[in-house]
Enquirer: 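Here it is, the structure in full.
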Amino acid sequence: MNSHTPAPARTVRCPACGGPSRYAPDNPWRPFCSQRCKLHDLGDWANERFRVEAQDEPDEPPAQPPH
């Protein structure tokens with residue numbers, strides 16, 4: 001293999017359907033296998049089926065310790 005030969009593309013599991021997905025620049029939906037799976041995942045985020053945990057900031061600053 002010379003330095004100009006691109007590495008072979010990997011096949012990964014599609015996060016939406018679990019099927020094989022080509023993880024390479026020529027797959028515009030990577031890591032998804034298709035546009036359908038990518039849009040399905042986006043819809044799940046938009047409908048709040050997936051959530052990222054966040055810690056709420058306290059409303060008041062902590063009390064200053066006595067001097």
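Computation of the quantities below employed the complete heavy-atom set of this structure, encompassing side-chain atoms and omitting hydrogens, waters and symmetry-equivalent molecules.
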Enquirer: Rounded to the nearest 0.5 Å, what separates atom CZ in Arg51 from atom CD in Glu53?
Expert: 9.0 Å
Enquirer: Are the side chain of Arg30 and the backbone of Ala24 linked by a donor-acceptor contact shorter than 3.5 Å?
Expert: yes
Enquirer: Identify which one of Pro20, Cys33, Ser34 satisfies the side chain to side chain contact (heavy atoms under 4.5 Å, CB included) criterion when paired with Cys14.
Expert: Cys33
Enquirer: Hey, could you give me the CG/CD distance between Leu42 and Gln35, rounded to the nearest 0.5 Å?
Expert: 11.0 Å
Enquirer: So which heavy atom on Asn27 is nearest to which on Phe32, and how close?
Expert: ND2-O, 3.1 Å
Enquirer: Does the Thr11 side chain pair with the main chain of Arg22, one donor and one acceptor, at a distance under 3.5 Å?
Expert: no
Enquirer: Do Val52 and Trp45 have side chains that get closer than 4.5 Å, going by heavy atoms?
Expert: yes
Enquirer: Looking at SG of Cys17 and NE2 of His40, how far apart are the two atoms once the value is rounded to the nearest 0.5 Å?
Expert: 10.0 Å
Enquirer: Check Pro31 against Ser21 and note the closest heavy-atom contact, atom names and distance.
Expert: O-OG, 3.0 Å
Enquirer: Is it true that atom CZ of Arg49 has more than 12 heavy atoms of other residues, nucleotides or ligands lying nearer than 6.0 Å?
Expert: yes
